[in-house]
Amino acid sequence: NDTRLSLLTPSGHLTLGNYLGALRPMAAAQDAATCFYGISDLHAMTTTHDPARLRALTGEFRTLVLAAGIDPGRATVFQQSRVPAHTELAYLLECTTYVGELNRMIQFKEKRRTAGGVISGTRTSLYTYPVLMAADILLYRPTHVPVGDDQRQHVELARDVAQRFNLAYGPVFTVPEITVPPVGARLMDLADPARKMSKSAEADAAGVVRLLDDPDLVRRKIARAVTDSDTGPAAVRFDRTAKPGVSNLLELVAACTGTTVEDAAEGVPTYGALKKVATDAVLAVLEPLQRRYAELAADPGQVEEVFEAGSARCREVTAPVLAAARAAIGLS
Ligand code: TYM
């Protein structure tokens, strides 16, 4: 009995990285598994945020999740903040997690702010972010958590916390596997292939392809992608160390077309040709998605209802798991 759970945080406009690393694999699993897919709006408040923008992005995410092919007839879609069990379980898990573990989290080390070498202006919720994420996961007893590569450490922590809780208080949680796609798990920024393509990059970031970017803008971003100065014969080959930009474009093509990076390089003589292939592959993915988005966006009330119905279902599904955790840990 395969159950999958994953969420996306509305902290910026979704990118091709989010799609290839998470949304598409999530959609692909719908027939083979019981799926719970959510929007982690609470996680979007762990760094400076604007309430109106959060509301707008959440609406856009709801529509994009459906436009990406996640079908509410087969998967349960929900909004994290509408399922209060997430925050309640997070507290019980804070009583199961050590500060040493949170101090080691790469994302916290990258996103915390410092002034004069001292942590300052950093929200408490950024620190406890991985605990809320563990609660998101463990409440649904999933067997698999499909995510991109950058979420590995967080899912590892959720596994550790589940094991520790089960050992200390009794077998309440399932310990899930991490599922990362074979290609596209870590798409890099087209303008700086040493950096992950991130939705929280500046709005006009040249190396970040957004799912709702106009096709002309997508063409320009790919045309300007960083390659390298080696243009000799066999210059188009996969080698992350020597050719990070070219390798990232090959990964992009492979992920969009469902092949391997080696096959993607086959018969592509020049960087110009590679960019043409990449542009076609990306637009073939984005155009149908954008068409469905436009159709769905015509009736936001309907989309909102779908997420409310899914959230109601999640409130039911999670209640017995939360009750079991409460009882096991000693609450009466
Ligand atoms: P988030 O919103 O940053 O990203 C959503 C999903 O997209 C993947 N991803 C990428 N994949 C490939 N290449 C990239 N450049 C790239 N950037 C992002 C992420 O790995 C993720 O799968 N904390 C999570 C959301 C979350 C969650 C959860 C996920 C909250 N609770 C429980 C799984 C289970 C996050 O902020 O992802």
Side-chain angles (χ1 to χ4, degrees), residues 3-27 29 35-47 49 54 57-58 60-61 64-65 68 70 78-81 83 86-87 89-90 93 105-108 110-111 125-126 128-159 161-162 176-190 192-201 205 207-211 248 251-252 254-256 314 318:
T3 301
R4 297 193 179 220
L5 171 289
S6 200
L7 290 83
L8 301 102
T9 304
S11 52
H13 299 286
L14 283 166
T15 72
L16 204 49
N18 299 127
Y19 180 77
L20 297 173
L23 274 171
R24 198 169 61 172
M26 286 158 66
C35 298
F36 296 95
Y37 294 146
I39 297 173
S40 35
D41 47 358
L42 297 172
H43 277 120
M45 307 192 297
T46 56
T47 51
H49 82 287
L54 174 57
L57 279 172
T58 302
E60 184 180 299
F61 268 51
L64 271 173
V65 162
I70 290 169
F78 67 98
Q79 213 170 299
Q80 182 190 37
S81 65
V83 188
H86 287 243
T87 43
L89 182 63
L93 298 183
M105 290 290 130
I106 297 161
Q107 182 181 273
F108 179 67
E110 284 172 356
K111 289 197 179 168
S125 55
L126 183 70
T128 56
Y129 181 123
V131 186
L132 177 59
M133 179 159 161
D136 296 340
I137 296 170
L138 300 180
L139 263 180
Y140 296 81
R141 294 182 170 143
T143 53
H144 298 83
V145 180
V147 284
D149 190 66
D150 63 336
Q151 295 300 319
R152 276 182 192 278
Q153 194 187 28
H154 289 152
V155 183
E156 282 297 342
L157 179 76
R159 288 167 49 90
V161 170
E177 299 297 325
I178 303 171
T179 308
V180 167
V183 279
R186 188 177 182 80
L187 199 65
M188 308 307 277
D189 189 293
L190 300 182
D192 177 5
R195 193 168 62 175
K196 180 187 78 175
M197 187 181 286
S198 168
K199 66 169 125 68
S200 40
V208 178
V209 178
R210 315 265 179 186
L211 297 184
N248 192 42
E251 177 124 14
L252 185 60
C256 287
C314 288
T318 57

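All ligand and atom numbering here is 1-based and tracks the order in the structure. Quick caveat, the model's predicted, so the values are computed rather than measured.
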Ligand 1 to Ser40, heavy atom cutoff 4.0 Å, flagged ligand atoms 25 (C), 26 (C), 30 (C)
min-distance protein heavy atom vs atom 6 (C) of ligand 1 -> Ala22 CB, 3.5 Å
| said: Measuring centre to centre across the rings, with the benzene-like ring taken for any Trp, is Phe78 within less than 6.0 Å of His86? | reply: yes
4.5 Å side-chain heavy-atom contact, Val209 and Thr15: no
Nearest non-hydrogen protein atom to atom 23 (N) of ligand 1, with distance, is Tyr129 OH, 2.8 Å
protein heavy-atom neighbour closest to atom 2 (O) of ligand 1 works out as Lys199 NZ, 2.7 Å
re atom 31 (N) of ligand 1, the protein heavy-atom contact at minimum distance is Asp136 OD2, 2.6 Å
Atom 25 (C) of ligand 1 has as its nearest protein heavy atom Leu7 O, 3.3 Å
Judged by modelled atom types alone, do Ser40 and Thr9 share a side-chain donor-acceptor pair under 3.5 Å? yes
Query - Check: Gln151 N/O within less than 3.5 Å of ligand 1 N/O - result: yes
May I have the step-by-step check of side chain to side chain contact (heavy atoms under 4.5 Å, CB included) for Thr3 and His144, ending in yes or no? CA-CA 6 Å; Thr3 301; His144 298 83; over 6 Å; no
Are the aromatic rings of Phe61 and His13 close, with centres under 6.0 Å apart? no
So Val145 and Arg4, do their side chains get closer than 4.5 Å, heavy atoms only? no
Contact region, His154 to ligand 1, non-hydrogen atoms below 4.0 Å, reads neither
Will you find, in the side chains of Asp41 and Thr58, an N or O donor that is under 3.5 Å from an N or O acceptor? no
Item to complete: Check the pair Val147, Thr179 against side chain to side chain contact (heavy atoms under 4.5 Å, CB included), reporting the backbone distance first and the verdict last.
Response: CA-CA 6 Å; Val147 284; Thr179 308; over 6 Å; no
Here the atoms of ligand 1 under 4.0 Å from any heavy atom belonging to Leu5 are 32 (C), 34 (C)
Between Asp150 and Lys196, does at least one N-O distance fall below 4.0 Å, as a salt bridge requires?
-> yes
Return yes or no for this condition: an N or O of Asp150 is under 3.5 Å from an N or O of ligand 1. yes
- Examine ligand 1 and decide if any of its atoms is less than 4.0 Å from a heavy atom belonging to Leu8. yes
for atom 10 (C) of ligand 1, nearest protein heavy atom and its distance come out as Gly17 O, 3.4 Å
Restricting to heavy atoms, the pick from Ala185, Ser198, Gly148, Ala135 nearest atom 12 (C) of ligand 1 would be Ala185
Is there a side-chain contact between Cys314 and Tyr140, using heavy atoms and a 4.5 Å cut-off? yes
Result for side-chain contact (heavy atoms from CB on, under 4.5 Å) between Leu8 and one of Leu64, Ile39, Leu14 points to Leu14
Quick look: Ser11 vs ligand 1, heavy-atom contacts under 4.0 Å, and the answer is neither
Note: Gln80, heavy atoms under 4.0 Å from ligand 1, region reported as neither
Atom 9 (N) of ligand 1 sits nearest the protein heavy atom Asn18 ND2, 3.6 Å
Separation between OH (Tyr129) and CE (Met105), nearest 0.5 Å, reads 12.0 Å
In ligand 1, the atoms that come under 4.0 Å of a heavy atom of Arg186 are 12 (C), 13 (N)
Atom 13 (N) of ligand 1 has as its nearest protein heavy atom Leu187 N, 2.9 Å
Here the atoms of ligand 1 under 4.0 Å from any heavy atom belonging to Lys196 are 15 (N)
